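The structure appears below as structure tokens.
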Amino acid sequence: MSPAKNSSVRKGVDFRSVDSQPEGLSVSVSPLRAPALLLTFGILSVVQLWVFQTGFVDWLFPQRDYVFAPYTGEHSIAIRTYIISFYISFSIYGSGPVVARFSFAIDLILRFLAICAVLDLLNFAFLSLLGEPYPLSVVQIVAGLLGFGLFSLMLLERGAMPEEKRVVTGNQQNLRMFLRFLATATIAGFISAFVGSLDSPVFQEMRDLTLLGGVGPGIFLFLPLLFLQLYIIGIIERAISAAKDHSTPISVIVPAFNEAHIIAETIHHIDEAAFAYGELVELIILDNNSIDDTADIARKAIEEANSIEGRVIHIANAGKAHALNRGVEEAKHDLILRIDADTQINPDNITLAVQNFHDPEIGVAGGIPMPPGGGLFDRARLVEVLLKHGYYAPALSAFWGLIGVPGMFALYRADALRAAGPFSIGMNGEDTDMSFRIAELGYRAIVDQRVRYVSEVPATVAHMREQRMRWFRSVYHVSARAKDALASRTLSVRGKLVLPYMLLNSARRAMMVPILIFGLFQLLTDTGTDNILVWQSIIAVLVGAPALVAVFAILINREWWALLAMPEYLAFRAMRAWYTLESVLSIRIRRSARPVVHNPAPKASENPS
């Protein structure tokens, strides 16, 4: 298919389905709602910043933010004013009954102010003991992080979410993985502290570099060094545990809804990969109530194939999870490969992925979803996947912290899949939920960086908006369904470390556009803070250390030409932030919090290894 024709077909894809907006869990969001929220947020911010600027309340808040304790130094942004302004604006424009949103706002603000009061009282204690307060910049960073976390936890508690399902836990190596994480973090911290202590002109310039947000080379180096160590460990462990001669018959399940434009090509690629693999490959196309010619085209493509045994099954109930669960029931073999209907695998993909299952601890393995090219967002998407799937995912797997293996290409151990299943119906992120539960059984979830397949990227703004709102909402759906992994006393790297980070990061991204607006307003109203610090904070949010890590991910994955796409990727990050904001606006706020279940998590009956 020529690039021009491919682009034309991609733009005409009917991308909406019942999975776009799960019934009862989300509502449609007008494109005008986020701008209205930002306008209201801007007005609230300007009014509060002006009041602080007048000096009328300096007797109570000398730092010109909702801070009543004395601190040393300055802060770049009045973070508490920003957080409260966002809470109010979100509650005005969020989804759900007015009374529910009003009580949500009151609850959020009171809890956040209580947290801030505790921080300030601790500073008074610090001052009385040591005779000097700690820096304002430090406490404001802590307040901001706690404000992000509080928003996500409250949304998890008060938002309409999937029904919780107990997480079955098996024999895991959590203590060893926590110690591994602690050891790599200590090494990264030591090196970062050493670099930060160096008194040389080069490092002084780095401390002043706006791109780093004014944090200096020491702090900036910590996370990159941490993930670099973990990445190396993850790559080495995967290479050692895999076996080139390991092969076994597999079943391939492909859910398909209105995929007439691409299903034949998908089947052709699976057939080529089956030929290269050399073992028996069973293909099951799950026609998920399509209204086009998907089923007929799939049957014809299977008849023309040379290396697969295939069939088409009609699934009357709409929703991808219905199709997947039927596919798991029908699959005959010990390994089950799930592939999306718009995924084009390469000839070596099955062979390479199966090699990992020589290790009995592997429960699910994925790869890197490469964009097809030629689309509006493909170049930016390439940078995104190299960073997320080609760098962070192998690093997370090094301490058994990988949660999500995308359903675009996911190879499961059938016993683990059935023990953790079925796929959840009526939620976003059923693939992440499944790989998380398989890992909690005591298996490892990994990404094999050698497995690179072509996965569809939205070619229109409307399709990208639908996809990203669905993806970003899935963070909350997965966390809510596995809430006991967050709240129980059971030690879990994923439940106690990675899931909380995902929730924190989701809130941070939703609040990214507002903080840029707030920083500009504060710069213009001049509340007494250092303008250079404000500019550094604004640029750090726009570009910042993540952009530099993205460059490193490109280099380590040897996709050199992707460096040219960095400007597009930075713009794409801003677009993702916008869609994250719209995504949380689509979650319906309820009048009361969901009840908390304190039953102990059930245990797996046996060691999966």
Side-chain angles (χ1 to χ4, degrees), residues 1-13 15 211 224 227 231 261-262 265-266 269 340 342-346 349 366-395 404 406-409 447 449-472 505 509 512-513 516 539-583:
M1 184 180 294
S2 69
K5 185 177 179 181
N6 181 49
S7 176
S8 175
V9 170
R10 290 169 66 186
K11 289 180 180 179
V13 170
F15 55 85
L211 185 64
F227 277 98
Y231 173 83
H261 65 287
I262 201 170
E265 188 175 354
T266 299
H269 281 268
D340 277 353
D342 55 9
T343 294
Q344 313 300 307
I345 67 174
N346 289 319
N349 283 178
I368 301 180
M370 305 294 284
L376 179 62
F377 304 106
D378 288 43
R379 284 160 55 91
R381 171 63 174 160
L382 175 60
V383 179
E384 181 184 49
V385 300
L386 293 177
L387 179 62
K388 181 178 179 180
H389 302 287
Y391 184 60
Y392 282 134
M408 297 169 277
F409 180 102
V447 163
Q449 81 285 359
R450 304 173 304 165
V451 178
R452 301 193 177 196
Y453 54 90
V454 176
S455 177
E456 189 60 87
V457 176
T460 65
V461 173
H463 189 182
M464 179 60 72
R465 181 177 187 260
E466 181 272 341
Q467 182 196 73
R468 292 310 167 117
M469 288 182 68
R470 172 165 43 90
W471 285 7
F472 298 147
N505 192 51
R509 187 184 293 146
M512 192 172 89
V513 176
L516 293 174
I539 300 300
V541 172
L542 285 171
V543 184
L548 299 183
V549 178
V551 171
F552 181 74
I554 291 171
L555 297 177
I556 206 168
N557 281 279
R558 294 178 292 181
E559 296 284 347
W560 321 110
W561 73 270
L563 292 171
L564 301 175
M566 280 302 299
E568 295 170 66
Y569 171 66
L570 296 178
F572 187 64
R573 286 183 66 213
M575 179 180 287
R576 290 189 318 187
W578 185 275
Y579 293 150
T580 307
L581 177 58
E582 291 191 306
S583 181

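Residue numbers count from 1 along this sequence. Just so we're clear, the structure is a prediction, and the values are computed from it rather than from any experiment.
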How long is the gap from [atom1] on [X] to [atom2] on [Y], to the nearest 0.5 Å?
X	Y	atom1	atom2	value
Leu386	Met370	CG	CE	5.5 Å
Met469	Leu581	CE	CG	9.5 Å
Arg465	Glu582	CZ	CD	4.0 Å
Gln344	Tyr453	CD	OH	12.0 Å
Asn349	Arg450	CG	CZ	10.5 Å
Ile262	Glu456	CD1	CD	5.5 Å

Pairing residues for Arg509 by the salt bridge (charged side-chain N to carboxylate O under 4.0 Å, His left out) criterion, not counting sequence neighbours: none
Quick one: side-chain hydrogen bond (donor to acceptor under 3.5 Å, both in side chains) partners of [X], sequence neighbours excluded?
X	result
Glu384	Arg381, Arg468, Arg576
Asp342	none
Gln467	none
Thr343	none

Taking every non-hydrogen atom, the tightest pair across [X] and [Y]:
X	Y	result
Val385	Pro371	CG2-CD, 4.4 Å
Ser455	Pro372	O-CD, 3.3 Å
Gly404	Pro406	O-CD, 3.8 Å
Glu568	Ala380	O-CB, 3.8 Å
Ala459	His463	N-ND1, 4.4 Å
Asn557	Gly390	ND2-O, 3.4 Å

Would you check if [X] and [Y] make a side-chain contact, meaning some heavy-atom pair closer than 4.5 Å?
X	Y	value
Met566	Ile554	yes
Leu382	Val457	no
Phe227	Val549	no

Residue pairs passing the ring-ring contact (aromatic ring centres under 6.0 Å, His included) test where at least one lies in residues 552-580, sequence neighbours excluded: Tyr391-Phe552
ring-ring contact (aromatic ring centres under 6.0 Å, His included) partners for Phe472, two or more places apart: none
Pairing residues for Phe377 by the ring-ring contact (aromatic ring centres under 6.0 Å, His included) criterion, not counting sequence neighbours: none
Residue pairs, two or more places apart or on separate chains, that pass salt bridge (charged side-chain N to carboxylate O under 4.0 Å, His left out) and touch residues 546-566: Arg452-Glu559
Results of side chain to side chain contact (heavy atoms under 4.5 Å, CB included) for Ala462 - residues two or more places apart only: Phe15, Thr460
Side chain to side chain contact (heavy atoms under 4.5 Å, CB included) partners for Leu564, two or more places apart: Arg379
Residue pair Ile345, Val451: steps toward the side chain to side chain contact (heavy atoms under 4.5 Å, CB included) verdict: CA-CA 9 Å; Ile345 67 174; Val451 178; over 6 Å; no
